[in-house]
Undergrad: 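If you scroll down you'll find the structure; I have some questions about it.
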Amino acid sequence: MSSVAFNPVPNNYRIGRVTPQSLKRWGPSLALWGIGAGLYATYFLSVTPLVKRELLTKIPIVGNYYADKIPAEDKPF
């Protein structure tokens, strides 16, 4: 008589259909897509003053590039 070894993942290691094995398999791909989406959003929003002032000027190496060097009397608003 043959026996089938079927060992499902216990419910305490699952969140919905997500298991540790699926996270191990999909994690690197999702991380790369997340980094790409974050870089795209930063590039797309880099022209808005709030993102420039609060985020981009505080980056150590490239912060000087995004610093606002226009005098206050030359700004229309």
Side-chain angles (χ1 to χ4, degrees):
M1 199 181 273
S2 66
S3 65
V4 177
F6 178 69
N7 296 322
V9 177
N11 283 339
N12 57 350
Y13 293 130
R14 267 179 197 233
I15 300 174
R17 294 180 63 179
V18 179
T19 62
Q21 290 82 13
S22 67
L23 283 178
K24 201 180 298 183
R25 185 177 54 198
W26 288 99
S29 177
L30 292 174
L32 285 175
W33 279 100
I35 290 170
L39 288 174
Y40 173 75
T42 303
Y43 176 72
F44 186 72
L45 294 172
S46 67
V47 295
T48 58
L50 181 68
V51 173
K52 266 188 189 178
R53 183 178 60 242
E54 299 296 327
L55 179 70
L56 296 175
T57 57
K58 295 182 174 136
I59 298 175
I61 296 171
V62 296
N64 250 354
Y65 177 77
Y66 290 106
D68 189 16
K69 299 177 183 107
I70 300 172
E73 60 267 6
D74 290 341
K75 294 180 184 177
F77 299 106

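Throughout, numbering of the chain's residues begins at 1 and tracks the sequence.
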Undergrad: Which value, rounded to the nearest 0.5 Å, describes the distance between Leu30 atom CG and Ile35 atom CD1?
TA: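 With rounding to 0.5 Å, CG (Leu30) is 11.0 Å from CD1 (Ile35).
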
Undergrad: Determine whether a donor-acceptor pair (N or O, by modelled atom type, separation under 3.5 Å) exists between the side chain of Lys69 and the backbone of Asn64.
TA: yes

Undergrad: What distance do Leu50 atom CG and Leu45 atom CG have between them, rounded to the nearest 0.5 Å?
TA: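 Between Leu50 CG and Leu45 CG, I get 9.5 Å after rounding to 0.5 Å.
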
Undergrad: Determine whether Val51 and Ile61 fall in the same hydrophobic cluster, where Ile, Leu, Val, Met, Phe, Trp and Tyr are linked whenever their side-chain heavy atoms lie under 4.5 Å apart.
TA: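 Looking at the clustering, Ile61 is in the same group as Val51.
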
Undergrad: Measuring from Glu54:CD to Thr57:OG1, what's the distance to the nearest 0.5 Å?
TA: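 Separation between the atoms: 7.0 Å.
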
Undergrad: Do you know the tightest heavy-atom contact between Ser22 and Arg17?
TA: OG-O, 4.4 Å

Undergrad: How long is the straight-line distance from CD1 of Ile59 back to CG of Leu55, given to the nearest 0.5 Å?
TA: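 Atom-to-atom, Leu55:CG and Ile59:CD1 are 5.5 Å apart.
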
Undergrad: If you define the side chain from C-beta out and look only at heavy atoms, does anything of Leu23 sit under 4.5 Å from Val18?
TA: yes

Undergrad: Taking atom NZ of Lys52 and atom OH of Tyr65, what is their separation to the nearest 0.5 Å?
TA: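 It comes to 8.5 Å.
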
Undergrad: Using the ring pair (Phe, Tyr, Trp, His ring centres under 6.0 Å) criterion, which residues pair with Phe44? Sequence neighbours excluded.
TA: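 Checked Phe44 against ring pair (Phe, Tyr, Trp, His ring centres under 6.0 Å); matches are Tyr40.
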
Undergrad: Would you indicate whether Lys24, at its atom NZ, is surrounded by more than 12 heavy atoms from other residues, nucleotides or ligands within a distance under 6.0 Å?
TA: no

Undergrad: Testing the basics here: between Arg53 and Lys58, what is the closest heavy-atom pair and its distance to 0.1 Å?
TA: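 The pair with the smallest heavy-atom distance is O-NZ, 4.1 Å.
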
